[in-house]
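Fair warning: this is a prediction, and the values are worked out from it, not measured in the lab. Only this structure's heavy atoms are used, side chains among them; waters, hydrogens and symmetry mates stay out.
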Amino acid sequence: MDNVESAPDSPAQAPPSSASSLPKEQSQVELELRLLQALEFYPPSKLKGIHRHFVLYGLMEFLRKSLDRQFSPDEVLQLLDRFFNLEMLKPEDDEKDNFSQGEEFSLPESFLNKEE
């Protein structure tokens, strides 16, 4: 019976992860749970929009504060890739509309008169 518990291929062990570069001291389950919590504030659809760098930084900071260690952008993207096909994500509709409307900008006359 002792051989069953110490067998390296027991079904209770997690399969090797695709994020093998992450340090092993953090539990994979805890890491994934913290990432899913962070996605409540930083939706993955915004990773393809104009705010993608801020969203990625927010995810890095959330994980850093939750797990008390630094995460690189590549590590966070690698974790996200386990749950989402990041290449298939599309920006949200409200972000696309912001740049499709071309309005001419000019300062108000009252502002220009104050300068003189």
What residues form a side chain to side chain donor-acceptor pair (under 3.5 Å) with R64, not counting sequence neighbours? E61

Enumerate, atom names and distances included, each donor-acceptor pair closer than 3.5 Å involving a side-chain atom of residues 36-43, sequence neighbours excluded.
residue: Q37; atom: OE1; partner: R34; partner atom: NH1; Å: 3.3

Regarding R52 and the six-membered ring of F54, is the cationic atom NZ or CZ under 6.0 Å from the ring centre and inside 45° of its axis? no

Neighbour count above 12 (heavy atom, 6.0 Å) for F83 CZ: yes

Shared ILVMFWY cluster between V55 and L77, side chains joined below 4.5 angstrom? yes

Of all heavy-atom pairs linking L47 and L56, the shortest is CD2-N, 4.1 Å

Interatomic spacing from OG in S106 to CZ in F111 - rounded to 0.5 Å: 12.0 Å

Distance (rounded to the nearest 0.5 Å) between D68 CG and L63 CG: 12.5 Å

To the nearest 0.5 Å, how far apart are CZ in F62 and CG in L67? 9.0 Å

I need the R82 CZ to Q28 CD distance, nearest 0.5 Å. 5.0 Å

Mark yes or no for whether E75, through its side chain, and S72, through its backbone, hold a donor-acceptor pair below 3.5 Å. yes

Is there a side-chain contact between V76 and L80 (heavy atoms, below 4.5 Å)? yes

